[in-house]
Amino acid sequence: MNTTPSSTLHLTSTRTSDGITEHEAPGHGDRSRPDQQVDAARRVPAAGERALVLAGAGSAGNAWEIGVIAGLFEAGLDVTQPDLTIGTSAGSTAAAQITSATQPAELLAAILAAETPPRTAPAGSDGGRARIMEAANMMEKTSAIIAAAENPADMRRRMGAAALETDPAAHSSAQKKWRATVAARLPSQHWPQRPMLIVAVDADTGEPVVFDRHSGVDLVDAVAASTSNGSPYSIGDRRYINGGYRRNENADLAAGYARVLVLSPFGGRTRHPLDWGMQLATQIDELRARGSRVETIFPDSNSENMFGANAMDLSLRPHAARAGYNQGRALAEQLTEFWC
């Protein structure tokens with residue numbers, strides 16, 4: 001999962017004071033066949049009405065997205081049944097959660113009711129200082145890789161190679177634990193009938209991979225691959241790393257859809273060089289060129305500080321969820337005409 005500190009991100013999108021920006025336009029394979037998994041994006045109709053894009057930003061980002069969606073729902077706007085859902089990293093968890101039969105209010109209540117360790121928890125405790133330090137170390141390592149890379153493809157190959165350096169024994173243990181963690185977060189372990197894309201990157205080749213319900217990959221494994229951080233996640237004989245290394249939000253996969261709603265906990269910012277075109281602003285330009293209207297919801301000024309180096313801090317989840325909920329309720333009326 002992404003753990004980018006806001007101080008190192010390049011802001012490339014304009015945000016209004018309430019955290020919403022509109023951009024209008026004028027006019028998925030068995031487990032050993034990554035080529036078929038990539039084809040998941042091509043199986044989605046080239047045109048549709050509504051697409052929901054959920055980007056990554058650690059455990060805090062997932063909670064914020066659930067909060068926003070619950071707030072919208074509470075205020076009368078249901079965005080949980082679009083014609084296409086795209087989930088990346090922590091957003092892939094949110095995508096799987098909201099497309100299950102579980103109501104947004106239940107998902108929000110589970111976050112608020114969960115016991116999380118205090119931020120001053122002893123080193124080594126789940127969600128405590130050790131987790132935050134691990135995220136900071138990963139940030140430093142990946143920032144060096146980005147700085148050394150020539151282009152996005154080179155960066156993905158380098159990221160994959162670094163992940164594959166993980167000790168095999170440690171990787172096996174970590175994978176079992178991570179799969180169990182992801183499974184516990186999903187209300188349903190079945191792919192939804194409506195199209196949903198989960199984005200990852202092949203660690204061996206650096207090639208982007210897009211999973212859907214026809215890819216021959218369990219939903220839990222697809223989400224675990226998209227959210228992998230540090231060590232790669234194995235599915236069959238293939239190994240995968242975080243889907244955010246394809247592009248930050250992967251909103252471009254919704255090209256051709258009439259209305260695209262993007263939830264970006266990082267506010268459309270990126271750590272990558274702007275000339276690489278990884279940032280949300282470039283993706284929006286591409287969507288506009290295909291005739292899409294796009295709305296983006298970013299954290300407001302009261303909560304954006306949670307989506308930096310501390311995005312992996314589990315103790316921030318209730319705060320992020322409440323902030324998202326308040327934003328969702330406030331924005332529902334403004335978004336209703338767009339979405340409905």
Side-chain angles (χ1 to χ4, degrees), residues 13-26 47-57 61-88 90-91 94-95 97-99 102-108 111 192 194-197 248-269 280-281 283-288 290-304 307 320-340:
S13 298
T14 302
R15 176 173 49 192
T16 62
S17 59
D18 58 7
I20 187 168
T21 306
E22 182 180 21
H23 313 263
E24 287 196 47
E49 280 301 312
R50 299 175 300 179
L52 177 66
V53 179
L54 301 172
N62 167 265
W64 177 81
E65 290 176 336
I66 294 299
V68 169
I69 292 166
L72 292 171
F73 192 90
E74 173 91 6
L77 181 58
D78 183 4
V79 299
T80 65
Q81 297 187 39
D83 300 299
L84 173 66
T85 305
I86 298 169
T88 301
Q97 289 169 326
I98 67 163
T99 55
T102 306
Q103 294 295 304
E106 295 179 61
L107 296 171
L108 175 63
I111 295 172
R194 289 174 179 263
M196 180 170 71
L197 304 180
N248 294 343
E249 292 82 10
N250 292 304
D252 59 293
L253 294 175
Y257 279 73
R259 290 162 286 170
V260 182
L261 178 61
V262 183
L263 273 63
S264 176
F266 282 147
R269 299 167 294 183
L280 180 58
Q283 297 171 53
I284 289 173
D285 287 343
E286 294 169 8
L287 290 169
R288 293 176 63 187
R290 292 285 298 272
S292 298
R293 291 177 62 195
V294 183
E295 291 271 13
T296 60
I297 304 180
F298 301 155
D300 59 25
S301 58
N302 295 321
S303 58
E304 62 184 355
F307 308 105
R322 290 190 188 94
Y325 174 79
N326 291 334
Q327 275 194 266
R329 282 185 58 86
L331 295 172
E333 183 177 356
Q334 182 178 345
L335 285 169
T336 296
E337 182 277 331
F338 165 77
W339 191 252
C340 299

Worksheet item: After noting the C-alpha distance and the side-chain angles of Glu337 and Arg293, does the key distance pass the salt bridge (charged side-chain N to carboxylate O under 4.0 Å, His left out) rule?
Response: CA-CA 12 Å; Glu337 182 277 331; Arg293 291 177 62 195; 3.7 Å; yes

Problem - Working for side-chain contact (heavy atoms from CB on, under 4.5 Å), residues Val79 and Leu335 - result: CA-CA 10 Å; Val79 299; Leu335 285 169; over 6 Å; no

request  = Could you walk me through whether Asn62 and Gln97 pass the side-chain contact (heavy atoms from CB on, under 4.5 Å) test, one step at a time?
outcome  = CA-CA 10 Å; Asn62 167 265; Gln97 289 169 326; 3.2 Å; yes

Practice task
Could you walk me through whether Ile69 and Leu107 pass side-chain contact (heavy atoms from CB on, under 4.5 Å), step by step?
Solution key: CA-CA 10 Å; Ile69 292 166; Leu107 296 171; over 6 Å; no

Decide yes or no on side-chain contact (heavy atoms from CB on, under 4.5 Å) for Leu52 and Ile98, but give the supporting numbers first.
CA-CA 11 Å; Leu52 177 66; Ile98 67 163; 3.5 Å; yes

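Between atom CD1 of residue Ile284 and atom CD of residue Glu295 there is a gap of 10.0 Å, rounded to the nearest 0.5 Å. Note that CD1 of Ile86 is 5.0 Å distant from CG of Leu253, once rounded to the nearest 0.5 Å. Here Leu108 contributes atom CG and Ile66 contributes atom CD1; the two are 8.5 Å apart, rounded to the nearest 0.5 Å. Distance check: Glu49 CD to Asp83 CG gives 6.5 Å after rounding to the nearest 0.5 Å. Taken to the nearest 0.5 Å, the CG atom of Leu263 stands 10.0 Å off from the CZ atom of Phe298. A distance of 7.0 Å separates CD in Gln103 from OG1 in Thr80, rounded to the nearest 0.5 Å.
In Glu286, the CD atom is crowded: over 12 heavy atoms of neighbouring residues, nucleotides or ligands sit closer than 6.0 Å.
Residues Tyr257 and Leu84 form a side-chain contact, since some pair of their non-hydrogen atoms from C-beta on lies under 4.5 Å apart. Taking 4.5 Å as the limit, some side-chain heavy atom of Leu261 sits within range of a side-chain heavy atom of Phe338.
Gly256 approaches Ser292 most closely through the heavy-atom pair N-OG, 4.0 Å. Across all their heavy atoms, Cys340 and Leu77 have their closest contact at SG-CD1, 3.7 Å. When all heavy atoms of Glu65 and Ala94 are compared, the closest pair comes out as OE1-CB, 3.6 Å. In plain terms, the two heavy atoms of Arg329 and Gly71 that are nearest each other are CG-O, 3.4 Å. Contact between Pro265 and Pro299 at its shortest, heavy atoms only, is O-CG, 3.1 Å. For the residue pair Pro192 and Thr99, the shortest heavy atom distance occurs at CG-OG1, 3.7 Å.
Not a single donor-acceptor pair under 3.5 Å links the side chain of Asp78 to the backbone N or O of Phe73. A distance-only check finds a donor-acceptor pair linking the side chain of Arg259 to the backbone of Trp339 [under 3.5 Å]. A distance-only check finds a donor-acceptor pair linking the side chain of Gln283 to the backbone of Ala251 [under 3.5 Å]. Glu74 places no side-chain N or O within 3.5 Å of a backbone atom of Ala105 that could act as its donor or acceptor partner.
Gln327 and Trp64 are linked by a side-chain donor-acceptor pair at a separation below 3.5 angstrom, with hydrogens and angles left out of the test.
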